[in-house]
Amino acid sequence: RQRLPLSTLQLASFLDEPERQNCQHGLPHPPLALSKEGSRVATILDVGDSAALLLFDPPSGRLVRKQILPRVDVVGERPVTFAQDGSLLFVRHKSGILAFSAASGELAWRGPVRPRLPSSFAIDPQGRFVAVAFESERIELLSLRDGSLIESVDGHSGAVGALAFSGDGSTLLSASS
């Protein structure tokens, strides 16, 4: 029987004392994302009025970057995920989508700011687009490269709650309640 490699991270050890005191996310169950090739792990911890985005090198357990962000909504479907090629890390932020370099943790781009919370997002498997659904009836298609708006689609009669691309990226499926 083949054993899978296991990396264990003690997340609280990467927080400063005030951040640990304010940590409201139910450790040990924070959202986790693993890059496709396994070279980076990301998580978000609610630390009071802000959030800590932690980016790790899984084999060594080394913290690559800790980024303090304005408070993010970590409830719901995949609040943090990687692009297919592992180059970008996406965070569902209260006013849109943030894209970070997976190598350095630096902010690469910020999607258009909207007054409503993004309810879901999906990444095109071909690495071209990020689809973002909002609590309104709108879906926006952004360029994966720079976050620019490519297309905006209205048409649901309620809040869009889920998005998914087909395996070849040719079709975007959306669902509302």
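Heavy atoms only: backbone and side chains are in, while hydrogens, waters and symmetry mates are out. All residue numbers refer to positions in the sequence shown, counting from 1.
Considering every non-hydrogen atom in both Phe90 and Ala83, the closest pair reads CE1-CB, 3.8 Å. Nearest approach of Pro125 to Gly167, heavy atoms of both residues: CG-O, 3.3 Å. Here the closest heavy-atom approach between residue Pro58 and residue Val41 is recorded as CG-CG2, 3.4 Å. The two atoms that bring Ser35 and Gly86 nearest to each other are CB-CA, 4.5 Å, heavy atoms only. Nearest heavy atoms, Val64 versus Ala103: CG1-O, 3.6 Å. Of all non-hydrogen atoms in Phe82 and Ala102, the two that sit nearest each other are CE2-CB, 3.8 Å.
Judged as a side chain to side chain contact (heavy atoms under 4.5 Å, CB included), and not counting sequence neighbours, the contacts of Asp168 are Ser166, Ser170. The side chain to side chain contact (heavy atoms under 4.5 Å, CB included) check on Arg145 picks up Ser143, with sequence neighbours excluded.
Linking Ile, Leu, Val, Met, Phe, Trp and Tyr whenever their side-chain heavy atoms come within less than 4.5 Å leaves Leu173 and Ile150 in two separate clusters.
Using a 4.5 Å heavy-atom threshold, the side chains of Leu55 and Phe100 count as separate. Leu98 places a side-chain heavy atom less than 4.5 Å from the side chain of Leu107. Between Leu54 and Leu63, some side-chain heavy-atom pair lies under the 4.5 Å cut-off.
Here Ser148 contributes atom OG and Leu142 contributes atom CG; the two are 7.5 Å apart, rounded to the nearest 0.5 Å. In this structure, CG in Asp124 is found 10.5 Å from OG1 in Thr171, a value given to the nearest 0.5 Å. Glu151 contributes atom CD, which lies 9.5 Å from atom CG of Leu172 (distance to the nearest 0.5 angstrom). To the nearest 0.5 Å, atoms CD1 (Ile97) and CG (Leu144) are separated by 11.5 Å. Between the OG1 atom of Thr81 and the CG atom of Leu32 there is a distance of 11.5 Å, given to the nearest 0.5 Å. Atom CZ of Arg40 and atom OG of Ser101 lie 8.5 Å apart (nearest 0.5 Å).
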Requested in this report: Kindly indicate, with the supporting measurements, whether the criterion side chain to side chain contact (heavy atoms under 4.5 Å, CB included) is fulfilled by Leu89 and Leu53.
Outcome: CA-CA 10 Å; Leu89 170 67; Leu53 172 63; 3.9 Å; yes
Report task. Check the pair Val80 / Thr43 against side chain to side chain contact (heavy atoms under 4.5 Å, CB included), numbers first and verdict last. Result -> CA-CA 7 Å; Val80 58; Thr43 190; 6.0 Å; no
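Looking only at atom types and distance, the side chain of Arg65 has a donor-acceptor partner in the side chain of Gln67 under 3.5 Å away.
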